[in-house]
Every structure is written in C-alpha cells, then in structure tokens.
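Only one structure is covered here, and it is reproduced in the block below.
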Amino acid sequence: MKKYIKGFIAFFVLIVMLFIPEHIAYAEDGALEQVKENGELVIGTSADFPPFEFYAGEGDEQEIVGMDILIAEKIADDLGVELVIQDMGFDSLLPALESNKIDMIVAGMTPTEERRKSVNFSDIYFQTFQNIMVRSGDKDIYDSIEALAGQTIGVQSGTLQEELAQQIPNAKITKLENINDLILSLETNRIEAIVMQGPNAVAHAENNDELYTYEGDFELDEQDQGSAIAIRYGEDSLVEAVNESLAEISENNLTEDYLATAGEYMSQDGFASKYWRYFLDGTAMTIFISLIGVLVGLVLGFILSLMRLAKNVIIRFLGSSYVEFVRGTPLLIQVMFIYFGVGVFFNLPALTAGIIAVSLNSGAYICEIIRSGLNSVDSGQSEAARSLGMSRNQAMRHIIFPQALKNIWPALGNEFITIIKESSIVSVIGVGELIFQTRVVRSASFEGILPLIITMMIYFVLTFTLTKILNYFEGRMNHD
C-alpha cells in the first residue's frame, strides 16, 4: 500500500512540476543571493534520527537538536541568515525540496545514485557506517549477514538501508517509515534484525539494554558511505557556499564536537516531567484542527448538499463531481497535494494546508449526511409549508432542516469523531498534532510502547467525551 501511495505522491508532484516555470522549479544560480535576501535558510529534516536530529528540552524550550542541526546552524551563520527548521516525515523531504518548501535537506541523507537523479548534493560531511541491530539475546545467533539468511529484516522505507538489506540472502524485508516502529517490531519479535545507519543504531543500543548492534559487512559504493546535504539542481552558488562551510567543519574536526554535544541531550530520565508538554501541545493542536475542520466542513457540506439537490443540472453536476472526487481519493494524498502541489503557487504553511485538506474532505462526507437527512423528510412537509405561503428557503429553514437534523445527528456525531482521528494524517507534512508529537517523544525518549499507550488514552478520552456531549444534545432533540 505504501508503495502505491508514494507512487501517487510522485505522480502529483511530477504533474505540478510540469506546469511550473523553469525559473520557479529550479532556481537559477541566484539561489545564494535569494537566501540572503530572505534572511533565512529553511532546511527540511526528519527529527527522529538521533544523534543526527531529534527533539530535546522541556515545556516551551522544546527544540530540534543533533549533529545535523549544529552543521545547519554553522552554514546559516556563515551565510549571515537565520536558520528555520521544517520537520516532516523522511519520505516527504524530497517532494518538499522539489516544490520549494525548503532550501535544502539536512537529515543524514546518503547521496545514492538514485537520489542524484532528482537533486544535487553537497560534499559528504560525515563518513558513516551501516549497522545491523538485533535483540541482545540473539547477538550470538545473528552475528553476521550470512546468519540472517532467510530471516525477516526491517528497514526504514526510502533509505539506503532498504537497498542494503537485499544483500542478505533470501531475506524477507519489512519496510516501515519510522525508525521507532522498527525498534518496536524488533522488541516484539515481529522481525529478527534491522539494517540501520551506524550512529543511529549505536544511539539506540546505548539507551536500551534489550538491543545489540554491530557493523554489517555490506558492499557499499563510495558515495553510499556518507551523509550529504541535498539541494535543488541549478543552485550551484548555494552548493558552493555549503561546501565551503563543510570544508571548514572538516578542517577543524567539528563533527566530533557536534556529536558529543548531541549525546548530552540523549537521556531517558524523568519521562513524565520531561515529555508531558509534548502530549499537551499535540492534543491542543488536534482539537484545533478538528474544530476548524468540523465548522468549515459543516458549512461546505450544507452548501454542497443544496447543490446536489438543485434543479439546475450544471450546479448539481458540480456538487456531485466534487463529492465523488474527494470521496474517491485518500485524505493522505489530498494533504500532500495541497501542501506540495498547490503550495508551489501559494506558499501555504503546513498547518494551513492541513486544515484546508481536512475541511475539504470533511465537507464531502458531511454533504452526503445532510443530503440523506433532507431526503428522509416526507415531501408532503415541503408541500404543506408552501401551501401556507412559505418560500422555498423558509420551508427549508423552519420545516425541513429541523426535522432532518434529528435524523442525521448520530451520523454527524460519528463524522466529528472521525475527524479527530483522521486529523493525524497531517503529521506527514510536519504539523505538530498528537501523532506527530508521539513520534517526537518516541524518538527522544527511546520508549517504544509507553508513548503509544498515552496517545491511545488521550484519543479515547477525546472521543468518549465528545460522544457523551453529542448523546446529550441528541436526547434533548428527541424530547423537543
């Protein structure tokens, strides 16, 4: 399924890019001047990859830290601009770069031959190694690539490790988007090993006694043995400036200092006191997105339902086409398209794009709920209202809709609850709702299951409370 979703995303991005003028799609060699003029360097990263990039801090002091972030800060300082960090899923980074949402990718990315077909890369700034992660109890059993032959191996989708795992004879490869999900799969015996980038594997093993890692004897091309910064094609001036900063980092051996600084943030102490604010912020954002989505969806759904019931053929066709299109495409694709596709022409913030997608999607479903409710009211009610001298609008407002509302209230309530849960989709573009913050906590705390339990309980409390409120008003309507 993920393969098809990625295909859809790539297709939409490709279509959009075909219609973008060349000077927008790929900036000319004035990229460096443009960054300086803007006064900020916008980087994209996936902050679930310690010690390269991960979240640390408590309360209002939450921030993304790590070796890559320190490198990005060095580059921004050398350019004399402010560093702006956009956190999103690893699979979303290349589309974000190609659609000009970010200036570069700083995420421990390996400059593979396949990726070089899409973007340009800086010089390699960190010579890395590739590890195999196993359970501590299996370290004497699965101690080599050969010993893992025929076993189920986990990899992060869209990474170099996905290709390296194929070197394990007859391996059954499981691909997941998040490293923390892979760790959890390993701990619960869903897989037997994980192919991971070395420093990341070491960071997890040092913070979890149940895990053991060792360097894998993989066959690697020279360009696959390090991390580099991804930049759009045609932006040679920016590449040159980045390479100058990286050369200074290399000459002064600053990566060792950066890694040591990142290590100081990595601690499991005080889970509740350290991470409660993440869950609070995520819950508040989820409620906000859901509330806006419901309100806009109600208005849009009511308008669309009237369009679908209109006598005018064109208006009815437009309403029906919208509903069928939205209901026939996944919300994930809609979110990605609005942010990366439409966002090329309009610089939409991730939160705005997410709210728009959720609202437009909700409107289509609410439209069908309202339309079915209006159709459930006996036509004689409308005829009686008209015979009393009411206009069509008055009959709809005072007679038809109040009766329809009683019929559709349970379905509307179910849609409201669905929006709360489906709003989690916007996490893929970096909106800090509850699922996004859960991913952050799992990465920073090295806890796999506890954050999931907390998140599950929060969602239950939200939906259970909303259900009780909706049931109360349903009872009031039935008594009236």
Side-chain angles (χ1 to χ4, degrees), residues 1-2 5-6 8-9 12-13 16 42 44-48 55 62 64 84-97 99 101-102 157-158 177-178 180-181 278-298 300 326-327 329-344 346-366 415-443 451-452 455-456 458-459 462-463 466:
M1 180 61 71
K2 285 187 177 180
I5 291 175
K6 291 179 187 177
F8 275 120
I9 294 172
F12 278 124
V13 170
V16 170
V42 184
T45 193
S46 181
D48 59 352
Y55 279 85
Q62 299 171 14
I64 300 177
V84 178
I85 304 172
Q86 296 286 343
D87 180 25
M88 60 189 70
F90 191 83
D91 286 347
S92 300
L93 290 175
L94 286 176
L97 182 65
S99 58
K101 289 294 182 182
I102 55 178
S157 59
E177 184 178 353
N178 193 281
N180 298 297
D181 292 332
Y278 290 82
F279 293 106
L280 179 62
D281 291 345
T283 301
M285 183 61 71
T286 293
I287 293 174
F288 175 74
I289 295 172
S290 302
L291 181 61
I292 300 299
V294 165
L295 294 177
V296 176
L298 274 173
L300 179 60
V326 172
R327 293 175 66 192
T329 55
L331 177 56
L332 175 61
I333 300 299
Q334 295 165 15
V335 170
M336 299 286 279
F337 181 69
I338 290 175
Y339 183 60
F340 294 123
V342 178
V344 171
F346 307 97
N347 189 19
L348 295 174
L351 177 59
T352 302
I355 290 176
I356 290 174
V358 171
S359 300
L360 295 179
N361 183 274
S362 175
Y365 287 91
I366 291 178
E415 176 63 18
F416 298 163
I417 292 172
T418 299
I419 290 176
I420 290 178
K421 294 182 290 185
E422 287 192 345
S423 64
S424 62
I425 293 294
V426 301
S427 64
V428 300
I429 57 174
V431 178
E433 51 70 66
L434 187 53
I435 294 298
F436 180 91
Q437 298 289 12
T438 302
R439 175 172 69 86
V440 168
V441 173
R442 295 178 70 198
S443 172
L452 296 180
T455 299
M456 182 171 58
I458 292 174
Y459 272 116
L462 290 177
T463 56
L466 180 58

- Over all atoms of both residues, closest heavy-atom pair of Ser99 and Pro95: OG-O, 2.7 Å
- Give, for atom OH of Tyr459 and atom OG1 of Thr438, the distance between the pair rounded to the nearest 0.5 Å. 7.0 Å
- Item | For the student: nearest non-hydrogen atoms of Leu300 and Gly363, plus distance | CD2-CA, 4.1 Å
- Begin with the C-alpha distance, continue with both residues' side-chain angles, and end with the deciding distance and a verdict on side chain to side chain contact (heavy atoms under 4.5 Å, CB included) for Ile355 and Val296. CA-CA 9 Å; Ile355 290 176; Val296 176; 5.8 Å; no
- Of all the heavy-atom pairs spanning Pro451 and Val441, show the shortest one and how long it is. CG-CG1, 3.9 Å
- Message: For Ile420 and Phe416: C-alpha separation, side-chain torsions, deciding distance, then whether side chain to side chain contact (heavy atoms under 4.5 Å, CB included) applies.
- Response: CA-CA 7 Å; Ile420 290 178; Phe416 298 163; over 6 Å; no
- Does the Gln86 side chain pair with the main chain of Val42, one donor and one acceptor, at a distance under 3.5 Å? no
- Message: I'd like to check Leu351 versus Phe288 (side-chain heavy atoms, cut-off strictly below 4.5 Å). Are they in contact?
- Response: yes
- For Ile289 against Val358, the heavy-atom pair lying closest together: CG2-CG2, 4.3 Å
- Item | Inter-residue atom distance Tyr278.OH - Arg439.CZ, 0.5 Å rounding | 12.0 Å
- Distance in Å, Ile287 CD1 paired with Ser423 OG, rounded so as to fall on 0.5 Å steps: 10.0 Å
- Query: Atom CD1 in Ile292, atom CD1 in Ile356: separation rounded to 0.5 Å?
  - Reply: 12.0 Å
- Message: Quick one: does any side-chain atom of Asp87 pair with a main-chain N or O of Ala47 as donor and acceptor, under 3.5 Å?
- Response: yes
- State, to 0.1 Å, how close Thr463 and Ile417 come at their nearest heavy-atom pair, and which atoms those are. CG2-CG2, 3.7 Å
- Query: How would you list, by chain and number, every residue that makes a side-chain hydrogen bond (donor to acceptor under 3.5 Å, both in side chains) with Asn180, sequence neighbours excluded?
  - Reply: Asn178
- Task: For residues Ser362 and Gly297, report the shortest heavy-atom separation together with the two atoms involved.
- Result: OG-CA, 4.1 Å
- If you measure from OG on Ser290 to NZ on Lys421, what distance do you get to the nearest 0.5 Å? 11.0 Å
- Item | Cation over ring face, Lys101 and Tyr339, 6.0 Å, 45° | yes
Side-chain donor-acceptor pairs of residues 425-437 under 3.5 Å, sequence neighbours excluded:
{"unit_1": "Ser427", "atom_1": "OG", "unit_2": "Ser424", "atom_2": "O", "d": "2.8"}
{"unit_1": "Glu433", "atom_1": "OE1", "unit_2": "Ile435", "atom_2": "N", "d": "3.0"}
{"unit_1": "Glu433", "atom_1": "OE2", "unit_2": "Ile435", "atom_2": "N", "d": "3.1"}
{"unit_1": "Glu433", "atom_1": "OE2", "unit_2": "Phe436", "atom_2": "N", "d": "2.7"}

- Item | Audit row: Thr329, Phe337, side chain to side chain contact (heavy atoms under 4.5 Å, CB included) steps and yes/no | CA-CA 11 Å; Thr329 55; Phe337 181 69; over 6 Å; no
- Out of curiosity, Ile419 CD1 to Ser359 OG, how far, rounded to the nearest 0.5 Å? 8.0 Å
- Item | Under 3.5 Å: donor-acceptor pair, side chain of Glu177, backbone of Asp91 | no
- Query: Would a 4.5 Å heavy-atom cut-off, applied to side chains only, mark Ile338 and Leu360 as touching?
  - Reply: yes
- Evaluate the criterion side chain to side chain contact (heavy atoms under 4.5 Å, CB included) for residue pair Leu466 and Leu462; output intermediate values, then yes/no. CA-CA 6 Å; Leu466 180 58; Leu462 290 177; over 6 Å; no
